[in-house]
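As C-alpha cells, the structure follows; a few thoughts come after it.
Computed from a predicted model, the values in this text were never measured in an experiment.
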Amino acid sequence: MDKISVLISKEALETRIQEMADKLNQDYAGQELHLIGILKGSVFFVCELAKRLTMPVTMDFMSVSSYGTGTESCGRVKIVMDLAEPIQGRNVVMVEDIIDSGNTLSYLLPVLTSRRPSSIRLITLLSKPDRRKKDVKIDDIGFVIPDAFVVGFGLDYAQKYRNLPYIGIVEEQKGEKDE
C-alpha cells in the first residue's frame with residue numbers, strides 16, 4: 001500500500017477554487033464562458049470550478065498525450081481526443097490540473113488560438129515551476145507546489161487515487177521492492 005501524506009487539504013482546495021471562480025465571475029460578468037478541460041486529471045477541478053461560476057457556462061474536453069511509457073514527458077504531444085464543438089468567437093478558459101514541463105500547453109495553446117476564440121485564458125490548479133522546460137503564460141494558478149509526485153483531486157498514480165478529496169504526496173515505502 002502506498003503512503004500518501006496530505007499536501008493540500010480539501011478545505012484549502014475549496015477555498016482556492018472559490019477564489020479562482022470569483023476572479024472569473026468578475027472578469028467575465030455578463031458574458032458566456034466556455035471551459036475546456038484537459039482529460040483526465042482536470043475533471044474534478046473543471047466540475048468544482050463550474051459549480052461556482054455565475055455566468056452561462058459551456059464545457060468541452062480534450063485528451064492530450066505527451067508522455068511515453070514512463071513518468072517523464074517525451075516532449076512530443078498528440079491530441080488523442082479533440083473538442084466536440086468549435087471555439088471561434090467564444091471566451092475560452094483552458095483548465096488544467098497540473099502544469100509541470102509546459103510541453104503540452106506550449107503545443108496546445110497555439111493550436112487553440114488558431115481556432116480564433118474571442119479570448120483564451122489558461123488556469124491550472126497546480127504548478128510545478130521547478131520542472132518547467134517550456135515557458136507558458138498561465139493566467140491563474142491555484143497552488144505552486146514542489147517537485148514531488150502528487151495524487152488526488154483528479155491526479156493519479158497508475159490510475160489510482162484520483163478520487164482522493166485532497167492533494168497528497170506519494171511517499172516511497174522503505175523496504176518495498178518494485179514488482
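Under the 4.5 Å side-chain criterion, counting only non-hydrogen atoms from C-beta, I17 is in contact with R52. Between I4 and Y166 the shortest side-chain heavy-atom distance falls below 4.5 Å. Using a 4.5 Å cut-off on side-chain heavy atoms (C-beta onward), V144 and P129 make contact.
Hydrophobic clustering (ILVMFWY, side-chain heavy atoms < 4.5 Å, transitive): L108 and M81 are in distinct clusters. Residues L109 and L35 fall into different hydrophobic clusters, defined by Ile, Leu, Val, Met, Phe, Trp and Tyr side chains chained together at heavy-atom separations under 4.5 Å. The cluster map of Ile, Leu, Val, Met, Phe, Trp and Tyr, joined by side-chain heavy atoms under 4.5 Å apart, puts I87 and I38 in the same cluster. V95 and L13 fall within the same hydrophobic cluster, where Ile, Leu, Val, Met, Phe, Trp and Tyr residues are linked whenever their side-chain heavy atoms come under 4.5 Å apart, directly or through other members. By the criterion of side-chain heavy atoms lying less than 4.5 angstrom apart, applied directly or through intervening Ile, Leu, Val, Met, Phe, Trp or Tyr residues, M20 is grouped together with L33 in one hydrophobic cluster.
Across I169, D130, L126, a single residue satisfies side chain to side chain contact (heavy atoms under 4.5 Å, CB included) together with I145, and that is L126.
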Run M94 and S42 through side chain to side chain contact (heavy atoms under 4.5 Å, CB included) and show every step you take.
CA-CA 10 Å; M94 289 186 56; S42 72; over 6 Å; no

L83 and R115: CA distance, side-chain angles, deciding distance, side chain to side chain contact (heavy atoms under 4.5 Å, CB included) verdict
CA-CA 11 Å; L83 299 172; R115 297 178 184 184; 3.7 Å; yes

Would you sort out whether V57 and H34 count as a side chain to side chain contact (heavy atoms under 4.5 Å, CB included), showing the intermediate values?
CA-CA 6 Å; V57 173; H34 187 67; over 6 Å; no

Evaluate the criterion side chain to side chain contact (heavy atoms under 4.5 Å, CB included) for residue pair V64 and K78; output intermediate values, then yes/no.
CA-CA 6 Å; V64 182; K78 176 182 172 187; over 6 Å; no

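A salt bridge does not link E48 to R16: none of the charged nitrogens lies less than 4.0 Å from a carboxylate oxygen. Salt-bridge annotation for R162 and D97: absent, with no side-chain N of the basic residue lying under 4.0 Å from a carboxylate O of the acidic one. For the pair D156 and K160, the salt-bridge criterion is not met [side-chain N within less than 4.0 Å of a carboxylate O]. Look at D139 and K137 and you find a salt bridge, because one of the NZ, NE, NH1 or NH2 atoms lies within 4.0 Å of a carboxylate O, short of that distance.
Proximity of a side-chain donor or acceptor of S106 to a complementary backbone N or O of N103 within less than 3.5 Å is detected.
Rounded to the nearest 0.5 angstrom, I98 CD1 and F45 CZ are separated by 12.0 Å. A distance of 4.0 Å separates CD1 of I99 from OG1 of T124, quoted to the nearest 0.5 Å. The structure places CD of E19 at 9.0 Å from CG of D140, a figure rounded to the nearest 0.5 Å. For the atom pair N25 CG and Q31 CD, the distance stands at 11.5 Å (nearest 0.5 Å). Interatomic distance, CD1 of I36 versus CE of M59, reported as 12.0 Å (0.5 Å rounding). Interatomic distance, L155 CG to F149 CZ, rounded to the nearest 0.5 Å: 8.5 Å.
N91 and S118 are not linked by any side-chain donor-acceptor pair at a separation below 3.5 angstrom, with hydrogens and angles left out of the test. Looking at E171 and S5, their side chains do bring a donor and an acceptor atom within 3.5 Å of each other. In this model, no donor atom of one side chain and acceptor atom of the other lie less than 3.5 Å apart for Q26 and D22. A donor and an acceptor atom, one from each side chain of S119 and R90, are nowhere located under 3.5 Å apart.
Heavy-atom neighbours of D147 CG from other residues, nucleotides or ligands within 6.0 Å: above the threshold of 12. Within a 6.0 Å sphere centred on NZ of K40, heavy atoms belonging to other residues, nucleotides or ligands number 12 at most. Counting non-hydrogen atoms of other residues, nucleotides and ligands closer than 6.0 Å to CZ of F143 gives a total above 12.
Between F153 and F44, the ring-plane angle classifies as tilted under the 30° and 60° cut-offs.
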